[in-house]
Amino acid sequence: MSARVLILGGTAEARALAAQLDDAGVPVVSSLAGRVSRPRLPVGEVRIGGFGGPEALGRWLQEQAIAAVVDATHPFAQRISASATRAAASAGVALLRLERPGWVAGEGDHWLWVDDLPAAAGALARLGAARVLLTTGRQGLAAFAGDGERWFLIRCVEEPAVALPPRHEVLLDRGPYTLEGERALIDAHRIDALVTKDSGGALTEAKLRAARERALPVVVVRRPPREDVATVRSVAEAAAWARAQASG
Ligand code: NAP
């Protein structure tokens, strides 16, 4: 079996990396968690579902003759990254983290940084927000379930499976989003505050520009801490690294 590069995916960057490596003739296998029922699939070989923890992932890397791993998972996906770090070390396989830069506030932005979703719920209460656009994904929504003071427009890719606040509407949608669309959504629902994770990237940043235009406060959840792993910010850098690993 020829040595392949494993891309831990679930992001646009992971798909772009798979395409670049495939074009360059580097054999890749992309891995998805299987959370989304109709995922956007990368080109090349794809496997779907958890590995069963770090030890199982370490064994899988050896069995599959994986030459190198690029962890291109979402900035808020902590467990798979921790698992990859342990598995790569135990299997003696090189690991690189590809993580897009976070968002940076500009002039006219009113951002409140918080550490997690419960803190975001607290910030909304302090702001006195009444109608909130919640774009933090369907995991962790329970943090807002006890909030009967506000109405929430909950936008996520799949139907949430947890307790939700008493007054809400779920909007199933997936980016990329446009500035016009985000503006129209804010206006139509008379939104007065936005909650987001610091996901970074261009595909979902239009909401931040729309919030700036409408002078809305934005509660931004900080990225969780990560282990110290060699990290690049761009797909091009990750592709260059993976090509070198595959040929070496
Ligand atoms: P997580 O908490 O870090 O991972 C939970 C478990 O799911 C992991 O322990 C692993 O199971 C499995 N898993 C996660 N990503 C995987 C992958 N790419 N391939 C194979 N197994 C994977 O992750 P999460 O926050 O639930 O996110 C799941 C996926 O959605 C990630 O791949 C991420 O890139 C994508 N995503 C996440 C967010 C977010 O806000 N968290 C947003 C957009 C996309 P085992 O321990 O059994 O191996």
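Any value given below was found using the heavy atoms of this structure, including those in side chains, with hydrogens, waters and symmetry copies removed. Each ligand, and each atom within it, is numbered from 1 in the order the structure gives. Values in this document were obtained by computation on a predicted structure and should not be read as measured data.
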* To do: For the pair R97 and T73, evaluate side-chain hydrogen bond (donor to acceptor under 3.5 Å, both in side chains) and give the outcome as yes or no after the intermediate values.
  => CA-CA 8 Å; R97 167 85 181 142; T73 57; 3.2 Å; yes
* Do the ring planes of W151 and H189 sit parallel (below 30°), tilted (30 to 60°) or perpendicular (above 60°)? -> parallel
* Please state which protein non-hydrogen atom is closest to atom 18 (N) of ligand 1 and give its distance, to 0.1 Å? -> S31 O, 3.0 Å
* Any G52 heavy atom less than 4.0 Å from ligand 1 -> yes
* So, is S81 polar-close to ligand 1, with some N/O to N/O distance under 3.5 Å? -> no
* Identify the closest protein heavy atom to atom 43 (C) of ligand 1: which residue and atom is it, and at what distance? -> H74 CD2, 3.3 Å
* Asked: Nearest non-hydrogen atom to atom 17 (C) of ligand 1 belongs to which of G49, S83, A33?
  -> A33
* Which of these, Q139, R222, K197, sits in a side chain to side chain contact (heavy atoms under 4.5 Å, CB included) with F76? -> K197
* To do: Would you check if the side chain of D109 reaches a backbone N or O of G106 as a donor-acceptor pair within less than 3.5 Å?
  => yes
* **Heavy-atom gap G9 to ligand 1 smaller than 4.0 Å** => yes
* What's the shortest distance from atom 24 (P) of ligand 1 to any protein heavy atom, and which residue and atom give it? -> Q139 NE2, 3.8 Å
* **Pair E227 + R86: basic N to acidic O under 4.0 Å** => no
* Are the charged groups of R131 and D192 less than 4.0 angstrom apart, N to O? -> no
* To do: Return yes when atom CG of D228 has more than 12 non-hydrogen atoms of other residues, nucleotides or ligands closer than 6.0 Å, and no otherwise.
  => no
* Asked: atom 26 (O) of ligand 1: which protein heavy atom is closest, and how many Å away?
  -> R35 NH2, 2.9 Å
* Nearest non-hydrogen protein atom, atom 44 (C) of ligand 1 -> G10 O, 3.4 Å
* Residue, atom name and distance, where the atom is the protein heavy atom closest to atom 10 (C) of ligand 1 -> I80 CD1, 3.9 Å
* Determine, considering heavy atoms only, which of R79, E13, E55 sits nearest to atom 3 (O) of ligand 1. => R79
* Residue-ligand contact L57/ligand 1, heavy atom below 4.0 Å -> no
* **Any protein heavy atom < 4.0 Å from atom 30 (O) of ligand 1** => no
* Asked: So, E55 and S90: side-chain donor and acceptor under 3.5 Å apart, yes or no?
  -> no
* How many angstroms lie between CG in L203 and CD in E13, if you round to the nearest 0.5 Å? -> 7.5 Å
* To do: Step through the shown structure and confirm whether more than 12 heavy atoms of other residues, nucleotides or ligands are within 6.0 Å of CD on E158.
  => yes
* **Residue pair E182, R155: steps toward the salt bridge (Lys or Arg N to Asp or Glu O under 4.0 Å) verdict** => CA-CA 12 Å; E182 299 295 58; R155 182 168 70 186; 2.8 Å; yes
* Any nitrogen or oxygen of K197, main chain or side chain, under 3.5 Å from a nitrogen or oxygen of ligand 1? -> yes
* What part of R174, side chain, backbone, both or neither, has a heavy atom within less than 4.0 angstrom of ligand 1? -> neither
* Please report which non-hydrogen protein atom sits nearest to atom 48 (O) of ligand 1, along with the residue it belongs to and the distance in Å to one decimal place. => F51 N, 2.7 Å
* Check ligand 1 against R47 and write out every atom of the ligand that is under 4.0 Å from a heavy-atom position of the residue. => 20 (C)
* Among G50, G53, A77, which residue places a heavy atom closest to atom 12 (C) of ligand 1? -> G50
